[in-house]
Protein chains: 2
Amino acid sequence: MDVEFDELKALDIWRRAIVKSVRLDAPDLSARQMSLLLTVYLTPPPHTVRGLANLLKVSKPAITRAVNRLTGLDMVRRKPDPDDKRSVLIQRTVRGSVFLREFGDLIVTAAKEESSSRDDVLPQRY
Amino acid sequence: MDVEFDELKALDIWRRAIVKSVRLDAPDLSARQMSLLLTVYLTPPPHTVRGLANLLKVSKPAITRAVNRLTGLDMVRRKPDPDDKRSVLIQRTVRGSVFLREFGDLIVTAAKEESSSRDDVLPQRY
DNA sequence: ATAAATCATTTCGATATCGGAACCTTAAAG
DNA sequence: CTTTAAGGTTCCGATATCGAAATGATTTAT
């Protein structure tokens, strides 16, 4: 019961945050892309294609594609590894930091609102 | 200061949850698709294409596409509106409920983990 | 009854992503 | 030195999604 209540609350915070993000016309990132972005920003470097593929349990080409997308958005960047010229380090960017800062703020705001105002949830016709 | 800390904590919970979801090979939903799914499950019906488009501030064809995807996954279903034959109601399914239940559990679990070990995992700045 | 507005989908050409195999470069092993 | 392994990208055909305009079906307004 308590668990179910927590789950519902958690899901609702998640909903509020992601709905706001979509409404703000943020880049429409997939779960893979978002998980990669968050990993690069919130876990200790170095981050490599191989390492991210293992962590997320997806193929290396899938990581390459996600990095391509995020690089196109200037949210991460590739840096050749000086110690192993086969390897590429995935690093942060200013834009990525800004995006995640704002996204974090959306979550915090959503958590604070937490079922106080229901203005934005009511369907149109009533 | 406190705000930044909360944001970081929130982002890290988000990271843990979404990384786990990706690792579990859950459907790779986009932000739009996830926001639509959560809205259908957590806000009061009825849900229509038009209403969802207004709520998420995206075009109606974008909603149609997202509903197509989620329908293919059997996570929502279309039901013709008996009162207005132009309209289509987007409704829940068993599979969608199960998915969100599990996803909610991932968030709750991530939130519990977070409070225990954070210093080891988080970088100094983001 | 006719015209206008509404709801959702379809179409269009273009781009993005899919999984998996093949590829290239570099590093390590023999 | 040659061979094998590792790291990452590119290729392949196929599918998915993009925004914008057009379409079909139904409802509302004149």
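Every chain is numbered from 1, with letters handed out A, B, ... down the list of sequences.
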One thing to verify: whether B:Lys9 and B:Asp12 come together as a salt bridge, which I'm taking to mean a side-chain N less than 4.0 angstrom from a carboxylate O.
no
Tell me the interatomic distance from [X], atom [atom1], to [N], atom [atom2], rounded to whole angstroms.
X       : N      : atom1 : atom2 : answer
A:Ile90 : D:dG8  : CD1   : C1'   : 10 Å
B:Asn68 : D:dT15 : CG    : P     : 16 Å
B:Leu56 : D:dG19 : CG    : P     : 13 Å
B:Lys60 : C:dT11 : NZ    : P     : 17 Å
A:Leu89 : D:dG7  : CG    : C1'   : 12 Å
A:Asp81 : D:dA6  : CG    : C1'   : 13 Å
B:Asn54 : C:dT6  : CG    : C1'   : 12 Å

Which of these, A:Ile18, A:Thr39, A:Leu100, A:Leu70, sits in a side chain to side chain contact (heavy atoms under 4.5 Å, CB included) with A:Met34?
A:Leu100
Check this one for me: any side-chain N or O of [X] less than 4.0 Å away from OP1 or OP2 of [N]?
X       : N      : answer
B:Thr64 : C:dT9  : yes
B:Arg69 : D:dA16 : no
B:Arg32 : D:dG19 : yes
A:Arg65 : D:dC11 : no
B:Ser87 : C:dC7  : no
B:Gln33 : D:dT17 : yes

Nearest-nucleotide 5' precedence on DNA chain C, A:Ser59 against B:Val67:
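The residue mapped nearer the 5' terminus is B:Val67.
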Can you list the other members of the hydrophobic cluster that holds A:Val98, where links are side-chain heavy atoms under 4.5 angstrom apart?
A:Val94
What one-letter contact string describes nucleotides 21-30 of chain D from 5' to 3', where B marks a base within less than 4.0 Å of any protein heavy atom, S marks contact via sugar-phosphate atoms alone, and - marks no contact?
B----BS---
Specify the residues of residues 18-30 of chain B, ordered by number, for which at least one heavy atom lies under 4.0 angstrom from an atom of DNA chain C.
B:Asp28
With a 3.5 Å cut-off and heavy atoms only, can you find an N or O donor on one side and an acceptor on the other between the side chain of A:Arg78 and the base of D:dG8?
no
Would you mind classifying the nucleic acid contact of A:Arg50 as base, sugar-phosphate or nothing, using non-hydrogen atoms under 4.0 angstrom?
sugar-phosphate
